[in-house]
Amino acid sequence: MIRYSLEHSVKLAIMVSVLGFAAACASTPPAQTDQSAQIKEALAVMESHTEKLGAPTVVEGSLLFGTTRMNENYELVDSLKAQFGGTATFFVKKGDGFIRVSTNVMQDGHRAVGTQLDPNGPVIAAILRGESFYGLTDILGSRYNTGYEPIRNAAGDIIGIYYFGYPVNQ
């Protein structure tokens with residue numbers, strides 16, 4: 001009986017440790033990496049550029065800043081890639097999800113325009129809470145070190161997402 005109690009106690013202690021570690025990991029923000037500062041700088045440039053264009057709106061599924069339509073407009077995302085070396089995307093809110101409307105993220109040799117942000121991932125959960133997301137995530141089957149910021153209209157509603165990130169060499 002003592003042996004059973006000792007084995008039971010050890011198993012219980014291990015389970016408590018594992019659950020405690022898992023809870024701590026779930027509540028710990030993503031670690032900062034050497035690219036985190038570059039990601040934040042690129043997103044700041046992205047936001048600054050769009051602010052100069054005008055207030056963000058969505059008209060018939062198109063993301064606009066002032067009168068500049070972002071759908072299939074690759075000027076800014078490509079200039080960010082040239083300046084910072086990473087990938088950039090504008091997402092527009094569609095229903096409960098977000099769709100890429102301007103991007104230099106590639107899928108099968110083409111821009112991944114029209115693809116959806118992972119509806120079950122940590123990014124969408126943060127954005128729908130009105131928060132930014134910074135950390136490692138999967139984008140269309142590849143790992144990236146990323147930053148995502150909500151795009152809000154004049155009323156404060158989230159209508160899209162700014163994204164910038166770097167592929168993780170595996």
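Heavy atoms only: backbone and side chains are in, while hydrogens, waters and symmetry mates are out.
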Locate the shortest heavy-atom distance separating Lys93 from Ile158; write the atom from each residue and the value. CD-O, 3.4 Å
Hey, is the main chain of Leu63 close enough, under 3.5 Å, to the side chain of Asn71 for a donor-acceptor pair? yes
Within this structure, what is the CD1-CG distance for the pair Ile39 and Asn145, rounded to the nearest 0.5 Å? 4.0 Å
Scan residues 65-80 for pairs that pass salt bridge (charged side-chain N to carboxylate O under 4.0 Å, His left out), counting only residues two or more places apart or in two chains. Asp78-Arg111
Should Leu76 and Ser102 count as side-chain neighbours, where that means a heavy-atom distance under 4.5 Å? no
Is the backbone of Gly135 close enough, under 3.5 Å, to the side chain of Thr146 for a donor and an acceptor to pair up by distance? yes
For Phe133 against Pro122, the heavy-atom pair lying closest together: CE1-CB, 3.8 Å
Rounded at 0.5 Å granularity, tell me how far CE in Met106 sits from CD1 in Ile139. 14.0 Å
Under 3.5 Å, is there a donor-acceptor pair between the side chain of Asn104 and the main chain of Ala88? yes
Do any side-chain atoms of residues 43-53 form donor-acceptor pairs under 3.5 angstrom with protein atoms, and if so which ones, sequence neighbours left out?
from, atom 1, to, atom 2, distance (Å)
Thr50, OG1, Met46, O, 3.3
Thr50, OG1, Glu47, O, 2.9
Thr50, OG1, Tyr162, OH, 2.8

Using the ring-ring contact (aromatic ring centres under 6.0 Å, His included) rule, collect all pairs that involve residues 93-120, keeping only residues at least two apart or in two chains. none
Tell me, please, which residues at least two apart from Thr115 pass side chain to side chain donor-acceptor pair (under 3.5 Å). Arg100
With sequence neighbours excluded, what pairs up with Arg129 under the side chain to side chain donor-acceptor pair (under 3.5 Å) test? Glu131
Co-members of Val59 in a cluster of I, L, V, M, F, W and Y side chains, linked at under 4.5 Å: Leu64
Output, in order, the C-alpha distance, side-chain angles, deciding distance and verdict of side chain to side chain contact (heavy atoms under 4.5 Å, CB included) for Leu117 and Tyr163. CA-CA 11 Å; Leu117 177 66; Tyr163 154 81; over 6 Å; no
Closest approach of Pro56 to Ile151 (non-hydrogen atoms, all atoms of both residues): CB-CG2, 3.7 Å
Give the minimum heavy-atom separation between Ile124 and Gly97, together with the two atoms involved. CD1-CA, 4.3 Å
Side chain to side chain donor-acceptor pair (under 3.5 Å): pairs with one or both residues in residues 147-159, sequence neighbours excluded: Ser132-Glu149, Tyr134-Glu149
Among residues at least two apart in sequence or on other chains, which ones pass ring pair (Phe, Tyr, Trp, His ring centres under 6.0 Å) with Phe65? Phe90
Looking at residues at least two apart in the chain, or sitting in another chain, which of them share a side chain to side chain donor-acceptor pair (under 3.5 Å) with Thr68? none
For the atom pair OG1 (Thr103) and CZ (Phe91), what is the distance rounded to the nearest 0.5 Å? 7.0 Å
Can you list everything that forms a side chain to side chain donor-acceptor pair (under 3.5 Å) with Ser79? Sequence neighbours excluded, please. none
Under the salt bridge (charged side-chain N to carboxylate O under 4.0 Å, His left out) definition, can you give me all pairs with a residue in residues 53-68, not counting sequence neighbours? none
